[in-house]
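None of the values given here were measured: they were computed from a predicted structure. Convention: sequence-line order gives letters A, B, ...; per-chain numbering from 1.
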Amino acid sequence: MGIKQLFSIIKDEAPDSIKEGEIKNQFGRKVAIDASMSIYSFLIAVRSDGQQLMNDTGETTSHLMGMFYRTLRMVDNGIKPLYVFDGAPPKLKSGELAKRFQRKQEATEGLEEAKETGTAEDVEKFSRRTVRVTREHNAECQRLLKLMGIPYIIAPTEAEAQCAVLARAGKVYAAASEDMDTLCFDTPILLRHLTFSEQRKEPIQEIHLDKVLDGLNMERKQFIDLCILLGCDYLDPIPKVGPSTALKLIREHGSLEKVVEAMENDPKKKYTIPDDWPFRDARDLFLEPDVRKADHADCDFKWEKPDMEGLVQFLVTEKGFSEDRVRGAGARLEKNMKSSQQARLEGFFKPLPKTDAEKAAHKRKLEAQQEEKKKKQKQDKKDKAAAKSKPRAAV
DNA sequence: CTCAGCCA
DNA sequence: TGGCTGAGG
């Protein structure tokens, strides 16, 4: 899902916008996470012999397993996660949802057939395709987070849009998502691979939107138009338009209105725009999504001590988890809670200069950093100009 | 997906 | 230590 090929475009056109690092660099930071998307991936990935994990009454526990341990691991690394749940889908998305629904039905039929005739792998493949996040999955994860002392919010519509608003307002450092769509919602920073970096040997990517726009030489609106042209969740893609064509078209014409006009007036009819292609609506969803404002009372987030007995009751008594593991995890959670509070009290994150001499030294350091930055920018510009003179996006 | 335990 | 494998529910 998400916007195909956007990452490779950004990598080519705005390499400075991507910083790679380890999870340690994120210590002390708050990050917003799309909860429903996480739950979906847990339901798919947390399995044993191709089946979701279940307690002895047959209730699925994959989502709780995934969320419990992943959250714990982030907290272990000094990260303060904030989960954002999807609300109602926006209207326009209903088309996309209907299509998914249809695929799901087809997959269900395929599953029945596979059970009759196919191999075990076929059955497994089909059962993964039918995965859906239910109201119950969401409710159970919310209950879990409450017991863990981790804050969450239910977005009016799309979680990604809400994550972006919170990041933009400084309530969190960044939105953490694998989905590049989040940039369209105006998050200043997007963190990718936040969790699977430690286990696999992949770095965390920090993508800075301002530098993305600089590198592409585009306004935010043009960037959104580019993303829509690349194929977002809301609209069908235009056949034969891939990343390089999309980029070329937006640079040449400057807006989707002009791109569409040019396509329609093209005597050779090289591109066929789908019949129902409300790109203005899609753009509006990115520009003005239905979100809770960051100064709303719902956005007053607190990271609190876990409720150990509550966790044992829920995960052990009701869901059949191992008591040793749950208590061990709960203890880690509690310990990290304390140490991060301690670090805050000691000014660990923001050591402010106190004496005049320190202030002066601090100022010099900042100036030196600025100077360094300017130099680097100059050099980068030179490099780019030398590499190729790119056509500028029309305004 | 993440953990725990094992082994080089 | 760190990479690998099986279990977790």
Measure from [atom1] on [X] to [atom2] on [N] and round the result to the nearest Å.
X: Asn77(A); N: dC3(B); atom1: CG; atom2: P; answer: 10 Å
X: His63(A); N: dC1(B); atom1: NE2; atom2: P; answer: 18 Å
X: Glu202(A); N: dT2(B); atom1: CD; atom2: P; answer: 13 Å
X: Asp76(A); N: dA4(B); atom1: CG; atom2: P; answer: 10 Å
X: Leu64(A); N: dC1(B); atom1: CG; atom2: P; answer: 18 Å

(message) Under a 3.5 Å distance rule, please check whether Ser41(A) uses its side chain to pair with a backbone N or O of Ser38(A) as donor and acceptor.
(response)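 Yes, because the side chain of Ser41(A) sits within donor-acceptor range (under 3.5 Å) of the backbone of Ser38(A).
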
(message) Has Asn55(A) got a side-chain atom pairing as donor or acceptor with Gly58(A)'s backbone, closer than 3.5 angstrom?
(response)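 Present.
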
(request) Let me see the working for Asp298(A) and Arg292(A) under salt bridge (charged side-chain N to carboxylate O under 4.0 Å, His left out), right down to the final yes or no. (result) CA-CA 8 Å; Asp298(A) 288 358; Arg292(A) 194 74 71 232; 3.3 Å; yes

(message) Just to be sure I understand the geometry, which residues of residues 147-155 of chain A put a non-hydrogen atom under 4.0 Å away from DNA chain C?
(response)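 Within this stretch, nothing sits under 4.0 Å of the strand.
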
(message) Tell me whether Arg73(A) forms a cation-pi arrangement with Phe68(A), defined as NZ or CZ under 6.0 Å from the six-membered ring centre and within 45 degrees of its axis.
(response)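 No.
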
(request) Could I get the full list of salt bridge (charged side-chain N to carboxylate O under 4.0 Å, His left out) partners for Arg325(A), not counting sequence neighbours? (result)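 Arg325(A): no salt bridge (charged side-chain N to carboxylate O under 4.0 Å, His left out) contacts found.
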
(request) Considering just the side-chain nitrogens and oxygens of Arg70(A), establish if one lies under 4.0 Å of OP1 or OP2 belonging to dC1(B). (result)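 The answer is no; no side-chain N or O of Arg70(A) sits under 4.0 Å from OP1 or OP2.
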
Using nucleotides 6-9 of chain C, report all nitrogen or oxygen pairs with the protein that are shorter than 3.5 Å.
unit_1: dG8(C); atom_1: O6; unit_2: Arg47(A); atom_2: O; d: 2.9
unit_1: dG9(C); atom_1: OP1; unit_2: Ser322(A); atom_2: N; d: 2.9
unit_1: dG9(C); atom_1: O3'; unit_2: Thr61(A); atom_2: OG1; d: 3.2
unit_1: dG9(C); atom_1: O3'; unit_2: Lys319(A); atom_2: O; d: 2.6
unit_1: dG9(C); atom_1: N2; unit_2: Gln52(A); atom_2: O; d: 3.3
unit_1: dG9(C); atom_1: N2; unit_2: Met54(A); atom_2: N; d: 3.3
unit_1: dG9(C); atom_1: N3; unit_2: Met54(A); atom_2: N; d: 3.1
unit_1: dG9(C); atom_1: N3; unit_2: Met54(A); atom_2: O; d: 3.1

(message) Can you pull out every side chain to side chain donor-acceptor pair (under 3.5 Å) where at least one residue sits in residues 266-275 of chain A? Sequence neighbours excluded, please.
(response)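 Every candidate side chain to side chain donor-acceptor pair (under 3.5 Å) pair involving residues 266-275 of chain A fails, so no pair, neighbours aside, qualifies.
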
(message) Which Ile, Leu, Val, Met, Phe, Trp or Tyr residues join Met54(A) in one cluster when any pair of side-chain heavy atoms under 4.5 Å counts as a link?
(response)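 Via sub-4.5 Å side-chain contacts, Met54(A) links to none.
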
(request) Report the residues that fulfil side-chain contact (heavy atoms from CB on, under 4.5 Å) with Lys248(A), sequence neighbours left out, ordered by chain and then residue number. (result)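 For Lys248(A), the residues satisfying side-chain contact (heavy atoms from CB on, under 4.5 Å) (neighbours in sequence not counted) are Glu252(A).
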
